[in-house]
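See structure below.
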Amino acid sequence: MTFLTISHLEKSFGSNRVVKDFDLDIAKGEFVSLLGPSGCGKTTVLRMVAGFETPSQGAIRIDGKDVVGLRPNQRNIGMVFQAYALFPNLTVAQNVAFGMKVKGLPRAEIDSRVTEMLDLIGLPDLGARFPFQLSGGQQQRVALARALAVRPQVLLLDEPLSALDAKIRVSLRMEIREIQRRLGITTIFVTHDQEEALSMSDRIVVMNGGIAEQVGTPFEVYNRPATKFVANFVGTLNTFDAKVENASEGRISLDGVAMTLPAAVPTGGRVAIALRPEAVHLGRAAGREVVLPAVIEDVHFMGSVIRVRARVAGASVALDTFNRADSPPPAVGSSAEVSLSARDVIVLNG
Amino acid sequence: MKTTRFWSYAAFIAGLIYFVVPLIGMFEFSLRKRRGEYSFDAYTSVLNDPQFQQTFLYSVALSICTILLGVLLIVPTAYWVRLKLPRMRPVIEFITLLPLVIPPIVIVFGYIRLYNTSSWLPFTGTAMGTNVLLTFGYAVLALPYMYRAVDTGLRAIDIATLTEAAQSLGAGWVTIIWRVILPNVLVAVLSGAFLTFAIVIGEYVMSALLDRPAFGPYLVWIGANKAYEPSALAVMTFAITWACMGLIQLITRFSKHTRAMA
């Protein structure tokens, strides 16, 4: 059941169209991420949902009601900002209570809700502190509590983790997802960090140049990218230029080695194909029918994973292998073989 | 290194002498009313003068009205200009500087011409109307100081994000200004308020030409008719101004969130 509908949304600043014919349906309780590079229009879409920008065209419906004509303070939307945006003159408890005071709720209800929210974010004892007395992660959790305290219909998260250090970012994204699941609140999350989007979302909208290039689950977006941009933007990708032998049967050859893809390929002499690092195996392996010669160019030891860069079929290829104490990584400059399966090949369109 | 320090101290001491010696001289002179010995007679005489009390209270009341008017006028304006009309800032700043280049006598004659008893808005027809007109005039005189103080305060906070955060929580413009913006620029507003107070307390031209019983004309009158009392009054006015400065410092120090922003 669709709860939030964005249809034919457009936004122009002067002659610059930053959002173009954007459509999206979000179910109640769903966590959707808008993922894309800087300037792709993701924040503009979020700000139009919040009411901070007026669409040039299109509709935004929340629970069946068109909200385009409503002011931000009339939309019952909670928002968390990258810069925390806690009111510096108010304590943590007063910040959380702010929206409820604006609504004119009774004092007892406000107090009980503040306690509930501070418990929810795991900061029950910090109600009397001022924002400057908190760490970045704590401030962002308070900002989340403040946004949730007014029981919004939709929660908007505008790159809330970008200002935090890496470790806090990982733990806080799990906390945010856990809280969102517990409350069942419909959420739109804007990020340029693919790892955040992949790990947190029910669905991801990959945006580029103001349009949604692909909408899908993290699994779909990662494994079956719809366009070349999505394939390149989400995850690391090894691209090859292959020769089409038989387009309808999906037969191609890579560096003289033939393989048959599960689906037909576009007609024409050449086709761009891609493989994720984990789809390329160092050495031969069962179930990987295509074997190609390789020369090791670089080895990055990253602990549990070793990322090897090798030259394969004229291209520089990244491949990941798990660390094993009894098997040291290959030497740089040595010859090796890599194996892959035609099932894992991504045909790049667009 | 040592030479630099020497010249720093030398400059500081020279400045101190330049400012403090005349004050000491004035204070010393204000104590000489009783022949042959120091006393506070000049101060007692001033404080017991009913005209002093009346004019001082009148100017204090008007300065409070001016401060309120200034805050009501300038905080929303400076906020709106920063938030929605950043390109208009140079124009607004120019307008706020006009009172420094247009003499008060020009402004007050303009007022008298525009708002006299035969005009469509006869402010000068009644004492209360003239008081209102004088308050408007004082607000104009204080505009450069008040606007700059508030604008500097606004620069220190991210008003765009705070505004959006408040809006997303259901707040309207009045709530945002009253409960989010104003408390966060309170120290700046107080600085502007104390400067306004200092201007209004000593202002002469407008109040004299509008014939209001303000403290400025009283200062001039007493200066022309008495010997020691003007010095006592000057010392007292100076003390009030310094007390105001001290209050700004105190408020800044005890305001937790302001300390954090600094």
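Computed from a prediction, not measured in an experiment: that's the story for all the values here. Residue numbers begin at 1 in each chain, while the letters A, B, ... track the order of the sequences.
- Of all residues in residues 162-181 of chain B, those placing a non-hydrogen atom less than 4.5 angstrom from a non-hydrogen atom of chain A are Leu162(B), Glu164(B), Ala165(B), Ala166(B), Gln167(B), Ser168(B), Leu169(B), Gly170(B), Ala171(B), Gly172(B), Thr175(B), Arg179(B), Val180(B).
- More than 12 heavy-atom neighbours from other residues, nucleotides or ligands sit within 6.0 angstrom of CZ on Phe13(A).
- Leu86(A) CG to Thr161(B) OG1: the interatomic distance, rounded to the nearest 0.5 Å, is 11.5 Å.
- Only the side chain of Arg47(A) comes within contact range of chain B, with at least one heavy atom under 4.5 Å from a heavy atom of that chain.
- Around atom CZ of Arg89(B), more than 12 heavy atoms belonging to other residues, nucleotides or ligands sit under 6.0 Å away.
- Under a cut-off of 6.0 angstrom, the local environment of OH in Tyr58(B) is crowded, with over 12 non-hydrogen atoms contributed by other residues, nucleotides or ligands.
- At a heavy-atom separation below 4.5 angstrom, chain A is approached by no residue within residues 90-99 of chain B.
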